[in-house]
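Okay, structure first, notes after.
Proteins get letters first, then strands, A, B, ... in listed order; numbering begins at 1 in each.
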2 protein chains.
Amino acid sequence: MADELTPLDATQLGAYFALMDVAGLLRHAVEQQLRDVGDLSYVQFQLLARLGLNSPTGSERMTDLADAVVYSRSGLTYQAGLLEKAGLITRAPSAEDERGVTVSITEAGREVLGRVLPGHTEVVRGQLFTTLSQSDAGVLADLLSPVRDHMRSAPPRSARRR
Amino acid sequence: MADELTPLDATQLGAYFALMDVAGLLRHAVEQQLRDVGDLSYVQFQLLARLGLNSPTGSERMTDLADAVVYSRSGLTYQAGLLEKAGLITRAPSAEDERGVTVSITEAGREVLGRVLPGHTEVVRGQLFTTLSQSDAGVLADLLSPVRDHMRSAPPRSARRR
DNA sequence: TATTGTTATACTCTATAACTATA
DNA sequence: TATAGTTATAGAGTATAACAATA
């Protein structure tokens, strides 16, 4: 396709910047609440939420967590170290694969997650869903979920020219 | 009427997480390109873009830039220092208000901006507008622009807690 | 050999508080 | 007194590369 050199039009630019601005402001607001109430960064919250809400067992492998939440393995090791030191997760050698490490949320981790969630919800509602109706939320989710899938399947590596 | 204690429903949660995930992945992809091509961080790109594209004069005051782009004044001083050292902006005492500082983009700054923009566009199109149609982009912008306005209507970050 | 995860390290970014100067 | 901006500083987070252990 020859549109590689075509600039984004005004509508696309507007959508792009609105998306980035809203997400940035929202993350900033949410991070403050997480820090105040649970002494958590957003990444740490993501990790706890994934273990405590998304995973039926409360456990997941390091690599899967890294792929889902963080952009490098050493970054995850760092964050997991903090969470473990705080007693919110445990790390144990994986059963099937001796190289792997299984991360599990602890009771204390679930407690912190439960303590943080109501205020978190309140911030998100105040920032986002004061302006967006229920059907707006549905439209937004329907628009962005496929984008996320596309991004996760085709890494940004594709944008790097040789 | 949103109950303060009611958790977000599944649709709202989906919209929230999709928004945060997409913006995070997109920012990551875009930052890589900006770093590779122009040796710029995303914040630095925002500053240059605001001066070079949004402002007719190519100049703006520090406080206005801080409110628009960065979350603390010292953060902006740091970033402006880097950009100035790189020759991409200049800082000069403001004419009307001797306390103020006027930031202006230089020719070199415009050159870098111009050099970075095509690849930037390419990444955004590949990540975002491969999945979103033209009308999708319009819907997204229409949904999120009011959200941004609402978020920005809160007290500016530069005026907080002094 | 490839993959999992950790470590060592270096660097970027951000925020808070104290400070100077102008209004 | 209040505001604009800088500085000093400290802390959090991230990525890269080298490494050990297992597949």
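Regarding B:L76, its CG atom lies at a distance of 15 Å from the P atom of C:dT16, rounded to whole Å. Computed from coordinates, the B:R73 CZ to C:dT20 P distance equals 18 Å when rounded to whole Å. Rounded to whole angstrom, the span from the CZ atom of A:R27 across to the P atom of C:dT14 amounts to 11 Å. Nucleotide D:dG11 holds its P atom 19 Å from the CG atom of A:L40, rounded to whole Å. Computed from coordinates, the B:R61 CZ to C:dT22 P distance equals 14 Å when rounded to whole Å. Between the C1' atom of D:dA12 and the OH atom of A:Y42 lies a distance of 18 Å, rounded to the nearest Å.
Look at B:R35 and you'll find a side-chain N or O under 4.0 angstrom from OP1 or OP2 of C:dC13. Between A:S41 and D:dG13, a side-chain N or O to OP1/OP2 separation shorter than 4.0 Å is present. Checking the phosphate oxygens (OP1, OP2) of D:dA15, a side-chain nitrogen or oxygen of B:H28 falls inside 4.0 Å.
Within 4.0 Å of A:Y71, counting heavy atoms only, lie sugar-phosphate atoms of the nucleic acid but no base atom. Counting any heavy atom pair closer than 4.0 Å across all strands shown, B:E31 reaches no nucleic acid atom. Within 4.0 Å of A:V70, counting heavy atoms only, lies no atom of the nucleic acid at all.
Contact annotation: the side chain of B:L113 approaches that of B:L53 to within less than 4.5 Å [non-hydrogen atoms, C-beta and beyond].
Distances were taken from every side-chain heavy atom of A:S72 (C-beta onward) to each of D:dA15, D:dG13, C:dT7; the shortest belongs to D:dA15.
Taking only distance into account, the side chain of B:T63 never meets the base of D:dA4 through a donor-acceptor pair shorter than 3.5 Å.
No option in A:R50, A:R27, A:R148 other than A:R148 meets the salt bridge (charged side-chain N to carboxylate O under 4.0 Å, His left out) test with B:D21.
With sequence neighbours excluded, the residues forming a ring-ring contact (aromatic ring centres under 6.0 Å, His included) with A:F45 are A:H120, listed by chain and number. The ring-ring contact (aromatic ring centres under 6.0 Å, His included) check on B:H150 picks up nothing, with sequence neighbours excluded.
Remark: A:L82, A:D97, A:E98, A:R99 in residues 81-102 of chain A come within less than 4.0 Å of DNA chain D through at least one heavy atom.
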